[in-house]
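Just so it is clear, the model here is predicted, and its values are computed rather than measured. In what follows, chains carry the letters A, B, and so on, assigned in the order in which the sequence lines appear, proteins first and then strands, with residues in each chain numbered from 1.
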Amino acid sequence: MSDQVTLTLPDGSELEVQRGATALEATERIGPGLARAAVAAKVNGELFDLSRPISEDAEFEVLTFDSEEGKHVYWHSASHVMADAVKQLYPEARPTIGPAIDDGFYYDFDVPEPFTEDDLRQIEQKMQEIIEAEEPFSCERISKSEAEELFEEQQNRYKLELIDEVEDDVVSIYEHGDFVDLCRGPHVPDTGRIKHVKLLSVAGAYWRGSEANRMLSRIYGTAYPRKQQLEDHLERIEEARRRDHRRIGRELDLFSFHEEAGAGLVYYHPRGAMLRHLITEFATNEHIRRGYQIVRTPHLVKSNMWETSGHAQQAYPMYYTDIEGQSYGIKPMNCPGHVLVYKSHTRSYRDLPIRYFELGTVYRHEKSGVLHGLLRVRGFTQDDAHIFCRMDQLTEEITGVIEFADDMLRAFGFDEYEVFLSTRPEKSIGADDVWEQATEALRGALKANDLTWEIDEGGGAFYGPKIDIKMKDALGRLWQGPTIQCDFNLPERFDMTYVGADGEEHRPAMVHRVVLAGIERFMGVFIEQCAGEFPMWIAPVQVKILPINDRNFEYAETVAHRLRCEDMRVEVDTESGTLGNKIRQAELEKLPYILVVGDNEEEAGEVAVRKRGEGDLGPTKLEAFIESVRPETAPDSRYCALPGDTS
RNA sequence: GCCCACGUAGCUCAGGGGUAGAGCGUGUCCUUGGUAAGGACAAGGUCACGGGUUCAAAUCCCGUCGUGGGCUCCA
């Protein structure tokens, strides 16, 4: 056997190294700079510590912080350093799990007293000491029984539980300084590789995410090799704070919540209500153009209906009330109402598909802890529709909805979203083969639309599988947006039928779908998406007119009237004060256009245009201004065109 | 719902066992202004709500409501 092994690098070139050389030694052969930046290596696809020897020919890849995997190794190592610091400061703390996440890491501890934000600085400081000591990480593979002994000594039942679940007879442990942790690895060579650390927040988290388990204390943090990267990260957090829809909602006077009126219930102010009106008006029109029919159903429904639908049995979080001894429930969904409309006639196969649309306001008893601005509320309105169709129409109908959802999201400037196919959850109703059939129909439509998706195992609704499209908020958190749900259960439960060409009764398929989904949530994400700078076509106030002098008030009103005749949304500022201050206030409102009118403009029939983001554009004839902005006042026609629409 | 933190003027926040402060905003007056803050004066607070400790509570303790970050769940 040769004492050399051949490593194949990602660029295809080959490197001969001594058999048994470590990954770090191999990396040094490639370049000393790379060796300094390396955090771990990948050997034949397996993650390697840099200190681990290479014993055979292999594909060899060096991981640095610049790769996803490298970041994870780096952050995971940082979480070990944090756990070490915590144990030094709080010997009674029991580390549980501490993974890397998308932009940093966390570690959950079982501690007698939960951590507070004030503890973080001290832990950070201790981490700095550990980092400065440049303690090497070492890996050891030991038998499960040895590991059990080790963690029994440490009285850490969490680690024991984890060891118990490992299928191998051997587990790996990582050690740096006096800190030992059960860990799959790999890790950076030494603690000195972790350069700039910031602990960000503390939070409660259940052991293994289950309410039944003990609440642990979680610390979130992040770390970067270069100071600038950490500063950029903190700047992103700051930017997210600036874009937060709750903050913008207050600053732009869009909506409010009221302690005395109840949590999770939105009060729209004039501008917020206008924005909502514009969004729903647009959505309604787009539905009509796509062959949907508007229906409208009551908010209050006898509880029996929720038993028939299955909501009651699922302990769906509803509100109930009693009317003359009869129990009623406030609707948490619009579907049963649409079913009743369907059932009001005998339906023929020629009638299908039937697409019922409703801006349906629903109420759900969300747990208080999950409420979050407009993104998670208790009362909200959906652009809800139910499609009743024949089985042979199902895939085409779903395909149409996916196209519709894509068009609508793009019209509002959402170019990126994530698609999930959610399968049967534990708490669910219906036969297995029906679930399978429905899941296949959804999968087929995703393929037809050439989309890539992830499987969300067990994420379906209780009555059927679904396609979920999730949108990101300013903090990168995903929120349920458009969703398309197949349902063969409600038609069964409500005994829905249509008469087929054969003269026999058949069961229609049913598709639940929302496009904007919760209008409140959609507004919230949209506000964050555009940072409160609404595009001209949807801006609640499009133009603000600032008269320079009291003398110009009348002219300002004339201009406003002319713009209103063009269906533009206009305000006139009649406050006193300097022009500079009026402009500042108007700029803070993030309006698309500000028109300044003084004596010069009045005499010439002009307006001095100030455009958001561009500043002063100088005076122009009023009619010329109207012509120039007209194209902006309509939604982007690229996304509103129907198939075959050439206008 | 659970864990932690927070709740002081419309907003952002300081203060803190001896009965309240700033800036911005608001009102009035002066100023009539040319592209991101003109000036003066004034109003505005049961310090979230309820209980307790104390001679004395906005401040300490408990509970409730609300908010925030998470967990869990969902549009």
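On the C1' atoms, B:rC11 is 22 Å away from B:rG69, given to the nearest whole Å. If you take atom C1' in B:rG44 and the same atom in B:rA20, they sit 13 Å apart, rounded to whole Å. A distance of about 16 Å separates the P atoms of B:rU26 and B:rA37, rounded to the whole Å. Here, B:rC30 and B:rA48 have their C1' atoms 40 Å apart, quoted to the whole Å. Of the C1' atoms belonging to B:rU72 and B:rU53, the separation is 38 Å, rounded to the nearest Å. Distance noted for atom C1' between B:rG23 and B:rU8: 15 Å (whole Å). Nucleotides B:rA36 and B:rG21 place their C1' atoms 29 Å apart, quoted to the nearest Å. As rounded to the nearest Å, B:rC2 and B:rU54 have C1' atoms that lie 34 Å from one another.
Within the 4.0 Å cut-off from OP1 or OP2 of B:rC4, not a single side-chain nitrogen or oxygen of A:T116 is found. Of the side-chain N and O atoms in A:Q585, none sit less than 4.0 angstrom from OP1 or OP2 of B:rC24. Not one side-chain nitrogen or oxygen of A:H365 sits closer than 4.0 Å to the OP1 or OP2 atom of B:rC73. When the side-chain nitrogen and oxygen atoms of A:R246 are compared with OP1 and OP2 of B:rG68, one or more of them lie within a distance under 4.0 Å.
Across the strands present, B:rG17 finds no partner; the criterion is a Watson-Crick or G-U wobble pair with both atom distances under 3.5 angstrom. When Watson-Crick and G-U wobble pairs are counted only if both distances are under 3.5 Å, B:rA40 pairs with B:rU28. Across every strand in view, B:rA22 sits in a pair with B:rU12 that passes the Watson-Crick or G-U test at under 3.5 angstrom. The nucleotide B:rG63 finds its pairing partner in B:rC49, both defining distances of the Watson-Crick or G-U wobble pair being shorter than 3.5 Å. Base pairing analysis places B:rA58 opposite nothing; no Watson-Crick or G-U wobble pair with both distances below 3.5 Å involves it. Taking a pair to require two hydrogen-bonding distances under 3.5 Å in either a Watson-Crick or a G-U wobble arrangement, B:rC2 pairs with B:rG70.
Regarding A:Y267, its OH atom lies at a distance of 14 Å from the C1' atom of B:rG66, rounded to whole Å. Protein atom CH2 of A:W207 is 21 Å distant from nucleotide atom P of B:rG70, rounded to whole Å. Per the geometry, CG belonging to A:L252 stands 15 Å off C1' belonging to B:rG25, to the nearest Å. Straight-line distance from the CD atom of A:E259 to the P atom of B:rU64: 14 Å, rounded to whole Å. Straight-line distance from the CG atom of A:L120 to the P atom of B:rC4: 15 Å, rounded to whole Å. Regarding A:I219, its CD1 atom lies at a distance of 14 Å from the C1' atom of B:rG69, rounded to whole Å. We find that CG of A:D119 is positioned 14 Å from C1' of B:rC3, with the value rounded to whole Å. One can place CG of A:L375 at 17 Å from P of B:rC74, the figure rounded to the nearest angstrom.
Aromatic pair A:H287/A:F404: ring centres closer than 6.0 Å. Taking the six-membered ring for Trp, A:F625 and A:Y593 have ring centres closer than 6.0 Å.
Looking at heavy atoms from C-beta onward, A:H386 lies out of side-chain contact with A:E358 at the 4.5 angstrom threshold.
Using a 4.0 Å heavy-atom cutoff across all strands shown, A:E614 reaches no nucleic acid atom at all. Base engagement by A:A203 is indicated by at least one non-hydrogen atom pair under 4.0 Å involving a base atom. A:R250 comes within contact range of the sugar-phosphate backbone alone, with a heavy-atom separation under 4.0 Å but no base atom that close. If you check every strand for non-hydrogen atoms under 4.0 Å, A:D468 touches nothing. In this structure, A:D384 reaches neither bases nor backbone, as no heavy-atom distance under 4.0 Å exists between it and the strands shown. Within the 4.0 angstrom heavy-atom criterion, only backbone atoms of the sugar-phosphate kind lie near A:N581; the bases stay farther away. Nucleic acid contact class of A:K466 (heavy atoms, under 4.0 Å, all strands): sugar-phosphate only. Counting non-hydrogen atoms under 4.0 angstrom, A:V370 reaches a base of the nucleic acid. Looking at heavy-atom distances under 4.0 Å, A:V377 makes contact with a base. At a threshold of 4.0 angstrom between heavy atoms, the contacts of A:A586 with the nucleic acid are absent. When heavy atoms are screened at a 4.0 angstrom cut-off, A:G379 is found touching no nucleic acid atom at all. At a threshold of 4.0 angstrom between heavy atoms, the contacts of A:G369 include nucleobase atoms, whether or not backbone atoms are also involved. Within the nucleic acid shown, A:G481 comes within 4.0 Å of sugar-phosphate atoms alone, with no base atom in reach, counting heavy atoms only. If you check every strand for non-hydrogen atoms under 4.0 Å, A:G598 touches a base.
The residue among A:L371 and A:P547 whose nearest nucleotide of RNA chain B lies closer to the 5′ end is A:P547. In terms of position on RNA chain B, the residue among A:G518 and A:E211 whose nearest nucleotide sits closer to the 5' end is A:E211.
Listed candidates were B:rC4, B:rC2, B:rC71. Nearest to the side chain of A:M215 is B:rC2. The side chain of A:V202 lies closest to B:rC4, out of B:rC4, B:rG34, B:rG1. Of the listed nucleotides (B:rG69, B:rC74, B:rG27), B:rG27 has the atom at the smallest distance from the side chain of A:E575. Set against B:rG70, B:rC74, B:rG69, the side chain of A:Y220 has B:rG70 as its closest nucleotide. Comparing B:rG33, B:rC74, B:rA36 against the side chain of A:E587 picks out B:rA36 as the nearest. Closest contact between the side chain of A:S368 and the listed nucleotides B:rG1, B:rC73, B:rC4 involves B:rG1.
A:Y158 does not carry A:R94 over the face of its six-membered ring by the limits of under 6.0 Å from the centre and within 45° of the normal.
For the ring pair (Phe, Tyr, Trp, His ring centres under 6.0 Å) with A:F412, the lone residue among A:F534, A:F522, A:Y639 that qualifies is A:F522.
Salt-bridge check for A:R241 with A:E238: passed, with a basic side-chain N closer than 4.0 Å to an acidic carboxylate O.
Looking at A:E603 and A:Y555, their side chains never bring a donor and an acceptor atom within 3.5 Å of each other. A:S422 and A:D468 share a donor-acceptor pair across their side chains, judged by distance under 3.5 Å alone.
For a distance-only test at 3.5 Å, the side chain of A:R214 fails to qualify as a donor-acceptor partner of the base of B:rC3. Taking 3.5 Å as the limit, the base of B:rG34 and the side chain of A:D599 contain no donor-acceptor pair of atoms between them. Under 3.5 Å, the side chain of A:E366 and the base of B:rG1 form no donor-acceptor pair of N or O atoms. One can find a donor-acceptor pair under 3.5 Å joining the base of B:rC2 and the side-chain atoms of A:Y206.
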### Task
Test side-chain hydrogen bond (donor to acceptor under 3.5 Å, both in side chains) on A:Q314 and A:Y463 and set out the steps.
CA-CA 10 Å; A:Q314 293 298 313; A:Y463 46 75; over 6 Å; no
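Using a distance-only test at 3.5 Å, with no hydrogens or angles considered, no donor-acceptor pair links the side chain of A:E418 to the main chain of A:K470.
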